[in-house]
There are 2 protein chains.
Amino acid sequence: MVTIYDIAKKANVSAMTVSRVINQAENISDKTRKKVEDIIKELNYVPNNSARSLISKKTKILSLMITDIANPFFTNVARGAEDKAMQMGYQLMLCNSDESVEKESKYVDMLISTGADGVLIAPANDSSKKNIRKLTKYNIPVVLIDRHIKDLKCDQVLSDNETTTRRLMEHLIGQGHKNIAIINGPPDVATTQDRYRAYHDTLTLHGLPVNRKLIHHSHFFRDSDLSTTIKLMMELPKNERPTAMFATSNFIGLNIVKSLQKNNVKVPEDVAVVCYDGVPNYTGSEPFLTAAEQPSYNFGYMGMQMLIERIENTAPEQPRKIVLPAEFNIRASSLYKRN
Amino acid sequence: MVTIYDIAKKANVSAMTVSRVINQAENISDKTRKKVEDIIKELNYVPNNSARSLISKKTKILSLMITDIANPFFTNVARGAEDKAMQMGYQLMLCNSDESVEKESKYVDMLISTGADGVLIAPANDSSKKNIRKLTKYNIPVVLIDRHIKDLKCDQVLSDNETTTRRLMEHLIGQGHKNIAIINGPPDVATTQDRYRAYHDTLTLHGLPVNRKLIHHSHFFRDSDLSTTIKLMMELPKNERPTAMFATSNFIGLNIVKSLQKNNVKVPEDVAVVCYDGVPNYTGSEPFLTAAEQPSYNFGYMGMQMLIERIENTAPEQPRKIVLPAEFNIRASSLYKRN
DNA sequence: CTGTTAGCGCCTTCAA
DNA sequence: TTGAAGGCGCTAACAG
């Protein structure tokens with residue numbers, strides 16, 4: 001390994017001078033700078049970040065902690081985050097928590113050990129609070145994306161849960177639906193709670209009842225069979241039976257549609273479906289599912305920007321909150337007017 | 001920051017003893033070990049990896065260099081790579097090269113600086129050789145995935161380009177197609193070359209002509225309009241006009257189908273389409289495109305495994321080559337028999 | 001403008 | 001089984 005001392009010796013200067021050249025210091029004569037730079041190139045010298053970090057306490061390493069990179073929402077988040085990180089001279093560590101606070105905790109320890117300069121995190125659930133607290137305790141700035149956590153003061157990039165849910169619901173109500181089911185995520189996740197509240201409030205606002213039998217919690221995984229839930233709901237007496245379903249996340253929406261079809265319930269004739277968040281359309285054909293598409297790339301990009309500003313102390317002291325609106329795409333799955 | 005000295009002082013032992021406890025050394029009395037461990041927990045001590053790396057020259061950081069995490073093939077590669085890395089106690093750095101050797105080169109320098117223990121890479125193109133050479137020059141093991149590079153001796157996980165291409169082609173030939181176009185990737189990428197060769201050989205083997213007018217190079221990006229190419233081909237005299245197209249990558253396949261439809265060419269009636277590699281089906285409906293689906297997760301998982309074995313010196317000295325077969329899914333886009 | 005000294009947190013080596 | 005000294009590669013602080 002080539003060190004600054006090797007460079008120094010060959011250039012007949014001190015190691016300090018080499019260090020100055022590397023760090024673009026001002027007070028160096030052009031001659032020595034040139035000489036040192038030439039030798040650096042000649043010997044293929046690359047500075048050792050471990051040594052630098054030991055002194056500076058900075059690693060230029062950031063982390064993106066998400067639940068699963070294979071979920072298209074997070075795939076785009078990652079792409080946005082990495083773009084911004086690279087642009088600002090940072091490297092990005094990828095961590096998949098799989099919705100598990102324990103796995104998250106392992107990563108947190110690794111990140112502290114590594115000396116990550118900051119973490120952009122979509123927390124697994126409300127219990128992630130202790131993981132995040134641990135990070136901040138070690139002075140590692142954290143920016144929350146997608147899911148906020150109560151009583152945790154930090155920058156965040158969130159979806160406009162209230163507006164988006166309301167608009168999806170009002171679309172259904174406008175189509176004449178009265179019994180609207182909600183297939184939601186796990187109860188201990190912020191988005192689940194916020195979207196439920198907006199669901200509840202919108203129903204109430206429009207004078208519609210909130211029926212506990214039409215509320216179901218699923219998980220976020222791809223490919224889960226919701227047949228049992230659907231059967232239970234479809235066997236309700238006609239005055240309670242849902243004619244529409246609100247899925248609070250992308251995979252839940254897909255799973256509902258699949259499970260409905262599997263159980264011979266026609267979409268949208270028997271049951272209309274709307275979905276919070278979408279998925280990429282990889283087919284040539286028209287997408288089917290009505291969805292409020294989130295600007296996922298920007299969750300990553302803007303989150304990263306806030307994180308780096310926080311790290312580099314160019315951010316206002318007060319925690320900032322960015323709320324990103326969704327884009328509505330009304331499609332066939334919810335287009336069937338009822339009386 | 002808590003250091004081993006803080007622990008040592010509080011435990012009335014030397015820093016060395018603390019270090020031994022951390023590193024699970026054998027020769028420590030149970031009593032002192034217990035005492036030290038308790039204090040470590042009490043003070044929330046986390047070892048400083050920069051300091052450790054400075055001595056050990058190991059960072060427990062690996063890199064995954066791919067062209068774009070948003071391509072579903074690489075999304076799954078990333079998931080597989082990260083799973084294996086985490087399982088073996090490594091962290092994973094994500095790098096998107098965007099098919100650019102220059103961007104790749106920047107990442108390489110950062111990775112050398114960071115002291116990455118190894119790199120799993122899908123090289124941008126043949127010119128990536130110098131980037132990889134640089135890594136190996138710094139004794140950073142490299143494992144190639146998806147794209148090999150001539151005269152570069154290292155472990156690799158590749159697709160079975162020859163067999164897969166041949167089977168896709170023979171499926172088309174079996175359907176009665178004689179003029180089969182190939183919409184390939186950029187010429188300087190290994191998979192482009194290998195798949196072209198197999199395309200060429202299969203045609204020849206079956207006594208079919210290879211027509212230069214039916215050979216087109218596209219790039220790998222999502223959403224590119226292939227209308228010009230398609231028009232040119234469809235305006236050929238009937239005896240040369242393609243009745244089938246072989247797309248050598250997932251997004252190319254999608255772009256072809258879209259562009260064909262846009263130009264009022266019916267798939268599969270006018271032109272059948274087969275595709276090397278697939279995309280996730282996020283719709284409830286049947287997928288349309290005939291595809292040889294690659295076990296992308298395993299590219300990442302097995303590649304990572306080989307990389308870690310190489311790093312930890314548990315691999316045979318000879319470079320290994322794993323060839324993963326594809327799964328054939330014949331679908332509507334190629335099911336239309338010709339005479 | 002350039003060099004010297006000391007030390008970041010940890011571990012290797014040797015000694016007790 | 002434990003400890004002391006020295007150094008990994010680099011840079012802050014000071015000196016010249």
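This is a predicted model, so every value here is computed, not measured. So you know, we letter chains A, B, ... as the sequences are listed, proteins then strands, and number each from 1. Any value given below was found using the heavy atoms of this structure, including those in side chains, with hydrogens, waters and symmetry copies removed.
Residue A:I55 places its side chain closer to D:dT11 than to any other of C:dT12, D:dT11, D:dT2. Out of D:dC8, C:dC1, D:dC10, the shortest distance to the side chain of A:T32 is found at C:dC1. Comparing atom distances between the B:V13 side chain and each of D:dG3, D:dT1, C:dG9 picks out D:dG3 as nearest. In this structure, the nucleotide among C:dT2, C:dG9, D:dC10 sitting nearest to the side chain of A:P47 is D:dC10. Distance from the side chain of B:N23 is smallest for C:dC11 among the nucleotides C:dC10, D:dC10, C:dC11. Each of D:dC10, C:dG9, C:dT4 was ranked by its minimum atom distance to the side chain of A:N48; first place goes to D:dC10. Distance from the side chain of B:M16 is smallest for D:dG3 among the nucleotides C:dC10, D:dT11, D:dG3.
In terms of position on DNA chain C, the residue among B:S50 and A:T17 whose nearest nucleotide sits closer to the 5' end is A:T17. Checking B:I28 against B:A51, the closest nucleotide of DNA chain D that is more toward the 5' end is the one next to B:I28. Between B:S29 and A:R20, the residue whose closest nucleotide on DNA chain D is further toward the 5' end is B:S29.
Atom-to-atom, CG of A:N27 to C1' of D:dA15 comes out at 14 Å; the value is rounded to the nearest Å. Atom NZ in A:K35 sits about 8 Å away from atom P in C:dT2, given to the nearest Å. The distance between atom NZ of B:K57 and atom P of D:dC8, rounded to the nearest whole Å, is 8 Å. Taking atom CG on B:N49 and atom P on C:dG9, their separation rounds to 14 Å, with Å as the unit. Atom CD1 in A:I40 sits roughly 13 Å away from atom C1' in D:dC10 (whole-Å rounding). One interatomic measurement links the two molecules: CG of A:L54 to C1' of D:dA12, which rounds to 13 Å at whole-angstrom precision. Rounded to whole Å, the distance from CD1 on A:I22 to P on D:dG9 is 13 Å.
Here B:R79 pairs with B:D83 in a salt bridge; the nearest charged N to carboxylate O distance falls below 4.0 Å. Using a 4.0 Å cut-off between charged nitrogen and carboxylate oxygen, A:D155 and A:R310 count as a salt-bridge pair. Taking the charged nitrogens against the carboxylate oxygens, A:D6 and A:K10 have no contact shorter than 4.0 Å, which rules out a salt bridge. Salt-bridge annotation for B:D38 and B:R33: absent, with no side-chain N of the basic residue lying under 4.0 Å from a carboxylate O of the acidic one.
Rounded to 10°, the angle separating the first-five-pair axis and the last-five-pair axis of the helix from C:dC1-D:dG16 to C:dA16-D:dT1 equals 30°.
At D:dT1, none of the side-chain N or O atoms of B:K31 fall inside 4.0 Å of OP1 or OP2 (strictly under the cut-off).
Residue pairs meeting the side-chain hydrogen bond (donor to acceptor under 3.5 Å, both in side chains) criterion with at least one partner in residues 132-143 of chain A, sequence neighbours excluded, are A:D109-A:K134.
When only modelled atom types and interatomic distance are considered, B:E102 and B:Y107 share no side-chain donor-acceptor pair under 3.5 Å. No side-chain donor-acceptor contact under 3.5 Å links B:D146 and B:Q156.
For the pair A:K35 (side chain) and A:A11 (backbone), a donor-acceptor distance under 3.5 Å is present. Proximity of a side-chain donor or acceptor of B:E104 to a complementary backbone N or O of B:A124 within less than 3.5 Å is detected.
Against DNA chain C, the stretch residues 1-12 of chain B makes heavy-atom approaches under 4.0 Å through B:M1, B:T3, B:I4, B:Y5.
Considering every non-hydrogen atom in both A:V157 and A:M302, the closest pair reads CG2-C, 4.3 Å.
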